[in-house]
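Here's the structure, in structure tokens; my notes come after.
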Amino acid sequence: MKIRNSKLIKALIVICLVAFIGGFFLVTYQQVEQGSAKIESDSDFAKIKAESINKKNIILKVNKKTAYPAEGKYFMSENMNLMIPSDVVEKYLNCACLKYKGDTVVVIKGNTKANLKIDSDKVKVNGSDYDLKEKVMKKDGVIYIPSSLFENYLGFAYNWDNDTYTASLTDTALGNALPTRYNYAEEGRLPKVQDQGQEGTCWAYATLSAIESSLLPNENYEFSRKHLVNYSRKLSSNKNGGDYSLSMAYLTAWKGPVSDNSNGFGKVKKHLQSAQFLTPKDQEEMKRMVFKYGGVETSIYLQDSEANHDVVVVGWDDNFPKENFPINVKRDGAFICLNSWGKDFGQNGLFYVSYDCVAFGEVSICYTQIDDVDNYDNIYQSDLCGWTGIMGYKNQSSAYFANVFKAKSDESIKAVGFYATEENSDFEVFVCGQYKGVNSLSTRGRAVAKASYDNKGFYTINLDKPYSIKKGQKFSIIVKAHNSNKKMRLVPVETPSKSGTRKVNLKDGEGYISSDGMNWSSTEKQKCNVCLKAYTDKR
């Protein structure tokens with residue numbers, strides 16, 4: 001029906017306007033009278049929205065790079081704050097995230113220090129109190145920090161894309177992530193000062209001091225240096241010295257560490273699952289590692305030493321006066337180091353090394369993942385002497401390596417561990433649950449884990465799901481390593497040393513190497529074991 005009467009049209013418009021205005025006043029009146037009900041409704045809406053988001057796979061990108069949590073997973077709080085696992089805070093957000101005994105958590109970025117408490121929505125930033133608008137949480141043993149901390153107090157821009165379920169944090173203050181001065185002695189992270197005496201065991205003292213510092217301030221351990229020296233599979237005299245590779249073999253094989261009061265026969269207290277070798281003489285990287293993970297074990301040549309000496313970097317001071325050094329240096333600034341010559345050396349066992357020291361930081365290592373001993377039930381391995389050699393193929397950017405094991409019981413394969421022999425390498429992991437011979441390695445199926453690592457070192461990769469194996473069943477782990485530099489050798493192996501100081505067992509495993517993943521050669525026939533471990537849980 002068409003309406004042609006203009007008066008009727010005007011009347012209808014007036015009625016509609018009155019109805020709209022009346023409705024507006026009605027809605028406004030109801031909101032005033034029922035304000036508390038509206039707030040409750042908004043809260044319920046946020047809760048429902050968060051529940052819906054948490055059913056999806058939430059992604060976090062930090063400075064456009066995807067951040068993968070090693071423990072736990074991202075979730076949205078009822079207040080629509082993204083909850084971030086603490087290991088992501090350390091690895092991707094360039095912050096120190098320190099757990100103290102009790103319920104205290106401290107997050108540090110640059111010269112900003114945020115003191116938090118679990119189950120509290122308050123934060124103390126550089127001594128002043130603020131409202132975090134979300135509680136710090138501990139869930140299934142993982143500490144979660146709300147995104148509001150980084151957005152409001154630590155210089156990050158936050159964005160949420162509801163279409164892709166992707167959160168992004170962009171650092172608006174790049175280059176200012178490290179404080180100008182940082183000292184473990186002032187942060188509750190300095191382990192007990194030790195004295196190696198007349199033995200050439202600085203390497204063992206430095207390793208365990210570095211690991212002790214990585215656990216502080218939350219856990220205070222004193223590990224047995226004697227046990228490390230005696231069980232590192234080193235056959236020569238202790239007076240001849242050693243190096244970090246002995247420590248790595250001992251620790252990655254889960255032979256230690258044990259507590260210092262065990263007289264060498266105690267139970268293992270921790271499991272080392274990751275350790276990174278730093279770029280030689282990269283001072284900024286050394287600072288980042290000390291700041292985020294723990295003390296850095298490094299080498300230095302001392303004038304009154306006959307050989308290189310291992311110490312632990314436990315801090316730095318960019319403004320330490322160059323005039324404080326007995327020799328001429330060009331600039332201010334120094335690293336703070338922990339020695340193993342007792343408290344009478346230096347300043348209660350600590351000393352300063354100038355940024356200009358050329359005989360410092362050539363070989364450095366940081367122990368970046370140290371787990372409790374219940375992380376996995378079993379470890380399968382054949383490289384008790386650790387990474388002592390490298391194999392590979394000329395002019396090829398990729399190489400495959402594999403280990404075959406026999407299941408001790410009904411178990412599930414949860415993770416694998418191996419060494420990255422070169423910087424900036426990519427890896428794919430495959431599992432062959434029922435190994436029927438070397439041809440099984442060529443029919444491996446899809447990758448069950450992928451990873452990229454900037455540094456050389458030992459790493460543990462969690463698989464995408466548990467893979468079941470039965471008692472007595474042979475299974476294999478296969479890794480494809482890739483590096484764009486075709487001159488690199490990418491397969492880590494254990495091989496007898498020329499000096500005869502390490503005893504390698506070539507009968508405890510079944511290892512293979514391949515250039516294309518199709519044609520395989522036995523490494524034992526070449527007097528090598530593949531450095532590739534499998535971690536399982538019993539079923």
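Since the model is a prediction, treat every value here as computed from it, not as a measurement. Only this structure's heavy atoms are used, side chains among them; waters, hydrogens and symmetry mates stay out.
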Name the atoms and distances for all side-chain donor-acceptor pairs under 3.5 Å in residues 414-421, with sequence neighbours left out.
{"residue": "Lys414", "atom": "NZ", "partner": "Asp537", "partner atom": "OD2", "Å": "3.0"}
{"residue": "Thr421", "atom": "OG1", "partner": "Arg489", "partner atom": "O", "Å": "2.9"}

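Applying the salt bridge (Lys or Arg N to Asp or Glu O under 4.0 Å) definition to pairs two or more places apart or across chains, none involves residues 143-166.
One finds a salt bridge joining Asp103 and Lys117 here, because a Lys/Arg side-chain nitrogen approaches an Asp/Glu carboxylate oxygen to under 4.0 Å. Under the 4.0 Å criterion applied to side-chain N and carboxylate O atoms, Asp372 and Lys270 are assigned as salt-bridge partners. Contact check on Lys471 versus Glu411 returns no salt bridge, with no Lys/Arg side-chain nitrogen under 4.0 Å from an Asp/Glu carboxylate oxygen. Under the 4.0 Å criterion applied to side-chain N and carboxylate O atoms, Lys480 and Asp516 are not assigned as salt-bridge partners. For the pair Asp140 and Lys73, the salt-bridge criterion is not met [side-chain N within less than 4.0 Å of a carboxylate O].
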Assess whether side-chain hydrogen bond (donor to acceptor under 3.5 Å, both in side chains) is satisfied between His482 and Asp426, documenting all intermediate values.
CA-CA 5 Å; His482 174 83; Asp426 305 317; 4.9 Å; no
Please lay out, stage by stage, how Gln273 and Thr460 fare under the test side-chain hydrogen bond (donor to acceptor under 3.5 Å, both in side chains).
CA-CA 6 Å; Gln273 299 296 153; Thr460 296; 2.8 Å; yes
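Under the rule for a salt bridge (Lys or Arg N to Asp or Glu O under 4.0 Å), the partners of Asp317 that lie at least two apart in sequence or sit in another chain are Arg181. With sequence neighbours left out, Tyr205 forms a ring pair (Phe, Tyr, Trp, His ring centres under 6.0 Å) with no residue at all. With sequence neighbours excluded, no residue satisfies side chain to side chain donor-acceptor pair (under 3.5 Å) with Ser484. Checked against side chain to side chain donor-acceptor pair (under 3.5 Å), Tyr92 has no partners two or more places apart in sequence or in another chain. Residues passing the side-chain contact (heavy atoms from CB on, under 4.5 Å) test with Ser86 are Cys97, Lys99, Ile143, sequence neighbours excluded. Residues passing the side chain to side chain donor-acceptor pair (under 3.5 Å) test with Ser476, sequence neighbours excluded: none. By the salt bridge (Lys or Arg N to Asp or Glu O under 4.0 Å) test, Glu422 pairs with no residue at all, sequence neighbours left out. Residues passing the ring pair (Phe, Tyr, Trp, His ring centres under 6.0 Å) test with Tyr165: none are found, sequence neighbours excluded. With sequence neighbours left out, Tyr100 forms a side-chain contact (heavy atoms from CB on, under 4.5 Å) with Leu98, Thr104, Val106, Glu187, Pro217. Applying the salt bridge (Lys or Arg N to Asp or Glu O under 4.0 Å) test to Lys281 and every residue at least two apart in sequence or in another chain returns Glu362.
Phe156 carries Lys109 over the face of its six-membered ring, with the cationic atom under 6.0 Å from the centre and within 45° of the normal. A cation-pi geometry, defined here as NZ or CZ lying under 6.0 Å from the six-membered ring centre and within 45° of its normal, holds between Lys139 and Phe75.
Ring centroids of Trp254 and Tyr535 are separated by less than 6.0 Å, placing the two rings close together.
In this structure, a donor-acceptor pair under 3.5 Å is absent between the side chains of Ser409 and Lys538.
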